[in-house]
Amino acid sequence: MPTPAERAAELRELIDAANHAYYVLDQPTVDDAVYDGWMRELQALEADDPALQTPASPTQRVGAAPSGRFPPVRHLRPMLSLANARGTDELVAWHRRARAVMEQEGLGSRPDRFVVEPKIDGLAISLTYEDGRFVQGATRGDGVVGEDVTANLRTIAGLPDRLRLPDGASPPRVVEVRGEVYLPLAAFAELNAARAEAGLPTFANPRNSAAGSLRQLDPRATAERPLSIWCYSVGHRDGLELASQWATLEWLREAGFPVNPDIRVVETIEQVAEECAAWEERRAAVDFDIDGAVVKIDAVDVQDRLGAVGRAPRWAIAYKFAPTTATTTLLDIMVSVGRTGALVPFAVLDPVSVGGATVKLATLHNQEDVARKGLMIGDRVIVQRAGDVIPQVVGPLTQERTGDERPFAMPDRCPACDTPVVQPPGEVQMRCPNRSCPAQIQQGLFHFASRGALDIEGLGEKTIRRFYDEGLLTSFADIYDLHRHRDRLVAMEGFKDVSVDNLLAAVERSKERPWSRVLYGLGIRHVGDVTAEAVVAVCPSLDALLAADVETLAQAEGVGPVVAESIREFLASEDNRDLLERLRAAGLTTESDEPPRPADGPLTGRTVVITGGLEAFSRDEAKRAVATAGGKATGSVSRSTSFVVAGAEPGSKLAKAESLGVPVIDEAAFLAVLAGERPPPEREG
Ligand code: IVH
């Protein structure tokens with residue numbers, strides 16, 4: 001048995017290492033529950049023997065010291081952390097302690113109001129506004145000194161560059177706004193899929209991906225990631241009176257900061273518990289990761305009297321939800337074949353309940369992901385589920401290995417068609433090269449029918465497999481012949497008249513989807529939904545596409561030589577041309593209804609973003625005017641934007657343009673450009 005001093009030293013080391021991995025490297029090494037356990041054990045040892053508590057103990061600090069990659073920023077007020085309550089009993093105990101302190105002060109009836117907020121699992125940041133202007137933004141760092149990520153924060157949509165103030169009001173001299181930056185769950189899933197395809201390491205969870213995105217050295221890289229923010233408090237302030245947390249949230253909202261609309265103020269600890277339960281229910285429905293609810297005593301004078309112990313204030317507590325990580329056994333690693341032939345390993349798990357759902361399978365992206373995580377078949381592993389995102393295997397518990405585990409190797413033949421697999425040079429993804437591989441065809445059909453493409457309700461993976469096995473579906477065009485086989489379909493087990501008719505009606509409706517979605521549905525390599533729209537902008541019809549050479553294709557935004565070549569290769573195939581003609585004959589949309597773009601208009605080759613209200617045009621009219629002048633109107637500012645037109649009350653796009661050095665013009669100048677005057681010079685570099 002180690003002595004308490006030895007154990008405390010050991011815990012300090014474990015926690016410091018875990019903090020470094022989590023905060024600095026953005027690559028966590030331990031499960032949250034394990035980390036919390038260490039922290040509690042260390043706190044208990046220090047409480048028993050205060051001599052063990054050193055100022056450098058992780059119980060006295062927040063997170064880890066800054067990485068040194070960004071200039072340091074000393075927070076005007078330390079950024080604190082929160083103590084945890086697991087379950088209602090601990091919540092009630094926290095309330096009782098707060099009451100006891102207030103009673104000693106002769107204020108026994110308080111606290112009497114609480115604010116309950118989501119505990120967003122993102123990255124805490126501090127934003128300093130001087131005289132109403134955003135001047136500096138920083139990460140939390142160790143709570144005292146953080147990292148200067150001002151330029152990166154400026155790329156976040158919805159973060160005001162200037163405080164919005166009531167008419168005539170003068171801005172506070174200084175105010176430090178605090179909030180949590182996060183990556184929405186859907187964006188997280190997309191980002192990881194793209195990283196896996198590109199052979200880059202995937203992020204363990206949305207929090208790490210948000211941290212990784214915000215701490216890019218090049219703000220343009222941050223701008224590519226759709227980061228969001230919820231603001232929830234004010235740190236240092238000069239010239240601003242805020243008497244309560246609720247008043248703070250209202251001030252933030254009025255000043256133009258995103259504040260979560262589901263935050264509530266309540267009066268009893270029972271209502272607090274109900275609100276926490278409500279957040280636990282809401283958890284699966286929101287598009288950001290939350291790992292608990294934060295309960296704050298509303299009145300600032302009460303907060304001040306309660307003060308803080310070590311790293312955590314006494315006036316607030318984090319109510320933690322049931323963990324969304326769990327430990328189970330990795331029974332096997334199997335391999336599926338995607339529509340482009342990519343061999344994708346996935347984990348077969350001993351079924352385990354994670355945050356209320358049973359998890360049996362988890363994605364592993366590619367063989368590098370398996371290797372990076374160091375997984376062996378038979379390992380005890382940590383499994384994690386974040387909201388609606390597909391479950392993930394975080395990593396193995398290597399200390400629990402018995403020696404019976406075996407390594408995983410990718411198969412050398414396609415598991416679906418037995419064709420020897422290939423690994424194109426420079427790619428991480430192994431592929432089945434057989435174009436007639438049944439798995440690829442079925443996955444291709446599934447993609448074609450999916451929501452973002454032709455959106456054919458009722459044509460899911462299972463139905464596709466059955467139709468394929470019956471010989472009814474081998475090509476996208478066969479979908480539009482299904483009505484000829486109505487009797488056969490109705491006779492199939494599990495199908496009824498109604499379901500067949502619903503399916504056929506959905507097939508019929510899919511003919512109305514725009515040309516860009518048809519193009520996306522074809523599943524041409526490197527042609528995602530955004531690229532498909534860009535291609536349609538230069539090839540507004542199937543005929544234009546068939547006639548396009550690589551140079552024409554490369555004029556589309558975001559289309560470089562690789563993508564252009566991939567499209568050309570697809571169109572060069574006789575089979576694919578036949579397919580396209582069959583789709584056209586079936587009545588699918590093969591023309592875009594966007595106005596044609598002249599090749600020599602005043603805005604040819606320019607990309608324009610419009611923000612705020614214009615007097616002479618509605619938003620749609622303005623976009624059309626840009627197209628008629630030969631240009632392209634897009635919704636978001638990037639470094640390739642030629643200029644931004646700022647109307648009345650412009651949004652965050654203006655701030656983004658300013659931070660990227662993209663020229664901004666007003667409506668009058670825009671009218672002049674449409675009339676033929678020279679547009680502003682494009683940004684350099
Ligand atoms: S208040 C004094 N409110 O949780 C209170 N924090 O463990 C400190 N967090 O560093 C912050 N959502 O990164 C607060 N609604 C919320 C929060 C929140 C997430 C994070 C924040 C903080 C950590 C504390």
Side-chain angles (χ1 to χ4, degrees), residues 15 19 22-23 26 32 35-36 39-40 43 58-64 75-86 94 98 114-127 137-147 149 176-183 205-208 210-211 214 227-236 242 244-246 248-249 252-253 257-265 272 275-276 279-280 282-283 286 288-300 302-304 306-321:
I15 294 168
N19 277 345
Y22 186 88
Y23 290 103
D26 299 329
D32 281 359
Y35 179 90
D36 287 350
M39 202 56 136
R40 278 165 185 256
Q43 276 161 347
T59 59
Q60 304 303 303
R61 287 181 293 118
V62 178
H75 300 303
L76 299 174
R77 262 200 207 181
M79 292 180 76
L80 298 175
S81 188
L82 292 167
N84 293 334
R86 267 177 301 182
W94 163 78
F114 308 85
V115 175
V116 185
E117 307 176 358
K119 185 167 190 298
I120 298 119
D121 201 6
L123 189 71
I125 49 113
S126 160
L127 308 154
T139 63
R140 177 171 66 170
D142 62 6
V144 178
V145 177
E147 295 172 318
V149 287
E176 206 185 358
V177 170
R178 289 172 179 181
E180 198 86 356
V181 168
Y182 66 92
L183 195 66
N205 54 44
R207 198 211 83 89
N208 292 98
L214 191 62
L227 289 170
S228 288
I229 187 169
W230 289 126
C231 293
Y232 48 67
S233 73
V234 166
H236 173 77
L242 294 167
S244 69
Q245 172 63 10
W246 190 249
T248 302
L249 295 174
L252 286 170
R253 215 172 259 141
F257 295 94
V259 174
N260 186 280
D262 291 320
I263 295 177
R264 298 281 176 272
V265 59
V272 166
E275 273 307 309
C276 290
W279 272 110
E280 192 152 9
R282 212 173 279 141
R283 178 185 204 182
V286 293
F288 46 90
D289 222 3
I290 55 182
D291 59 349
V294 183
V295 182
K296 298 175 182 174
I297 289 173
D298 190 39
V300 168
V302 178
Q303 293 180 0
D304 289 345
L306 288 171
V309 230
R311 64 211 281 268
R314 278 204 196 84
W315 51 266
I317 191 140
Y319 175 87
K320 286 280 198 159
F321 297 153

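FYI, side chains are in, hydrogens and waters are out, and symmetry mates aren't considered; it's all heavy atoms of this structure. Remember, it's 1-based here, ligands and their atoms both numbered in the order they're listed.
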Heteroatom distance test ([X], ligand 1): nitrogen or oxygen, under 3.5 angstrom:
X      : result
Ala316 : no
Val294 : no
Trp315 : no

> What do you reckon, does Ala308 put a non-hydrogen atom under 4.0 Å from ligand 1?
Replying inline: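 False for this residue.
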>> Under 4.0 Å, counting heavy atoms only: does Lys296 come that close to any atom of ligand 1?
In response: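 Under 4.0 Å: yes for Lys296.
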> Taking the inter-plane angle between the rings of Phe288 and Tyr182 on a 0 to 90° scale, is it parallel (under 30°), tilted (30 to 60°) or perpendicular (over 60°)?
Replying inline: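 Answer is tilted, since the angle falls between 30° and 60°.
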> Excluding sequence neighbours, so at least two apart, what forms side chain to side chain donor-acceptor pair (under 3.5 Å) with Tyr319?
Replying inline: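 Testing Tyr319 for side chain to side chain donor-acceptor pair (under 3.5 Å), a comparison that skips the adjacent residues, returns none.
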> Taking only heavy atoms of Leu80, which atoms of ligand 1 are found under 4.0 Å from at least one of them?
Replying inline: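 Ligand 1 atoms under the 4.0 Å threshold to Leu80: 8 (C), 10 (O).
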>> With side chain to side chain contact (heavy atoms under 4.5 Å, CB included) as the criterion, how do Arg140 and Ser81 come out once you've worked through the C-alpha distance, each side chain's angles and the decisive distance to 0.1 Å?
In response: CA-CA 10 Å; Arg140 177 171 66 170; Ser81 188; 4.1 Å; yes
>> Using a 4.0 Å heavy-atom cut-off, which part of Ser233 comes near ligand 1: side chain, backbone, both, or neither?
In response: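 No part of Ser233 is near ligand 1 at this cut-off.
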> What part of Leu82, side chain from CB on, backbone N/CA/C/O, both or neither, has a heavy atom under 4.0 Å from ligand 1?
Replying inline: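 Both the backbone and the side chain of Leu82 come within reach of ligand 1.
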> With respect to Tyr232, which candidate in Arg178, Lys119, Glu117, Glu180 satisfies the side chain to side chain donor-acceptor pair (under 3.5 Å) definition?
Replying inline: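 For Tyr232, the side chain to side chain donor-acceptor pair (under 3.5 Å) check succeeds only for Glu180.
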> If you measure from CD1 on Ile229 to CG on Leu227, what distance do you get to the nearest 0.5 Å?
Replying inline: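 Rounded to the nearest 0.5 Å, the CD1-CG separation comes to 9.5 Å.
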>> Between Trp315 and Val302, is the side chain to side chain contact (heavy atoms under 4.5 Å, CB included) condition met? List the steps.
In response: CA-CA 8 Å; Trp315 51 266; Val302 178; over 6 Å; no
> Among all residues two or more places apart in sequence or in another chain, which pass the salt bridge (charged side-chain N to carboxylate O under 4.0 Å, His left out) test with Arg40?
Replying inline: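 Arg40 satisfies salt bridge (charged side-chain N to carboxylate O under 4.0 Å, His left out) with Glu90 only.
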> Nearest heavy atom to atom 22 (C) of ligand 1: which of Glu117, Gln245, Arg140 does it belong to?
Replying inline: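 Nearest option to atom 22 (C) of ligand 1, by heavy atoms: Arg140.
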